[in-house]
Every structure is written in C-alpha cells, then in structure tokens.
Amino acid sequence: MMQLALDQAREAWRVGEVPVGAVVVDAQGQVLGTGYNRTIIDADPTAHAEIVALRAAARRLANYRLPGLTLYVTLEPCVMCMGAMLHARLARVCYGATDPKTGACGSVLDVGAVAQLNHHTSFHGGVLAEPCGDVLRQFFRARRLKEITQ
C-alpha cells in the first residue's frame, strides 16, 4: 500500500506540489481513497495528501467516521492531519519518512500519545522510509537547483 502512496506522491510532484501521497484502505486491502498534496493547485491550506484521501474515503462510504480503516502516507503527519485522522476514528496510520520540522507522531509533537483524547489510533512509522524520504529529497534538490539557475 505504501507503493500506492508513493505513486500518489510522484503525481503531486508532477503537478508541482510537495510530493506527499496517501491511501486509505479497509481490512481486506481495498483502496477506498487516495490523495496527494494539492495545497497550491487548490489554493487550500488543508489540502494535504492525508486530508484529500480521508475526504475521498468518507465520500465513498458516505460516512465521516472511518473505523477499522488504515491510512498509508509517505511522510509523518502534521498536527492538522493527525486531528483529522483521530476524528475519523481510523484504526491505524502507517507513515514512511519522519518529518523533523512538523511531524506530529513523535518527531516534533506526539499527538497520538495524549491520553486525554477521546479516540486513539495506532501509528507505525518507517514503512518504506528510505524511498519515501528519497522522493522528498530529490524534489527539494531539484527545486533548489531550479532557483539557483533562474
């Protein structure tokens, strides 16, 4: 499933977005929603890959709650996405690369560890971390080179 999320990340790069991709699946592995970063093309600060995938899955199931489902995302979720995933009641979140600047699964904050929250989701990091991180490193390297040559 993380390979599908990586495909979504590459699509984000193709359209000029930061390459982060996400996929929501059920317990049988059926894909219910996919997404990639769309903040620039949609002019929407909430259009992170996770949010786009959650919205697609919620529409497909006609329910804002997504219990029993798993979200795969190529980069450690931020606080906003963590809040949405907790409110959706996801069973599990698997992420690839850690995010030392905005990661909310332990890198900067650990939102899932807050005992007072009314719902808890399990988080598993490091799934295909190297290829997930490589896509981001390559994107930002190419962006810096482009800025230098302009």
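These numbers come from a predicted model, not from an experiment.
Counting heavy atoms from C-beta outward, M1 and L4 have side chains that approach closer than 4.5 Å. Between N118 and R89, some side-chain heavy-atom pair lies under the 4.5 Å cut-off. With contacts defined as side-chain heavy-atom distances shorter than 4.5 Å, the pair P77/V93 qualifies. Inter-residue side-chain proximity for T39 and P45 is flagged as unmet; no heavy-atom pair is nearer than 4.5 Å. With contacts defined as side-chain heavy-atom distances shorter than 4.5 Å, the pair L32/V25 does not qualify.
Applying the ring pair (Phe, Tyr, Trp, His ring centres under 6.0 Å) rule to pairs touching residues 114-141 yields W13-F139, sequence neighbours excluded. Sorted by first and then second residue, the side chain to side chain donor-acceptor pair (under 3.5 Å) pairs involving residues 21-37 (not counting sequence neighbours) are Y36-R38. Applying the side chain to side chain donor-acceptor pair (under 3.5 Å) definition to pairs two or more places apart or across chains, those involving residues 133-144 are E130-R137, D134-R137. Applying the salt bridge (charged side-chain N to carboxylate O under 4.0 Å, His left out) rule to pairs touching residues 4-17 yields D7-R10, E11-R14, sequence neighbours excluded. Screening residues 107-116 for side chain to side chain donor-acceptor pair (under 3.5 Å) gives E76-S107 as the qualifying pairs, with residues at least two apart or on separate chains.
Atom CG of L128 is separated from atom SG of C94 by 10.5 Å, given to the nearest 0.5 angstrom.
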Test side-chain contact (heavy atoms from CB on, under 4.5 Å) on T102 and V79 and set out the steps. CA-CA 8 Å; T102 64; V79 173; over 6 Å; no

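Taking Ile, Leu, Val, Met, Phe, Trp and Tyr as hydrophobic and joining them when side-chain heavy atoms fall under 4.5 Å apart, one finds Y64 isolated, its cluster having no other members.
Follow the hydrophobic side-chain contacts under 4.5 Å out from L117 and you reach L66 in the same cluster. Residues V114 and M85 share a hydrophobic cluster, clusters being chains of Ile/Leu/Val/Met/Phe/Trp/Tyr side chains in contact below 4.5 Å.
Residue A12 comes nearest to P19 through the heavy atom pair CB-CA, 3.9 Å, listed as atom of the first residue, atom of the second, then distance.
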Donor-acceptor pairs are to be reported for all side-chain atoms of residues 67-75 against protein atoms at under 3.5 Å, with residues two or more places apart or in another chain.
{"unit_1": "Y72", "atom_1": "OH", "unit_2": "R92", "atom_2": "NH2", "d": "3.0"}
{"unit_1": "T74", "atom_1": "OG1", "unit_2": "G21", "atom_2": "N", "d": "3.1"}

I'd like a table of donor-acceptor pairs (distance under 3.5 Å, sequence neighbours excluded) in which one partner is a side-chain atom from residues 48-56, with atom names and distances.
{"unit_1": "R55", "atom_1": "NH2", "unit_2": "T46", "atom_2": "OG1", "d": "3.2"}

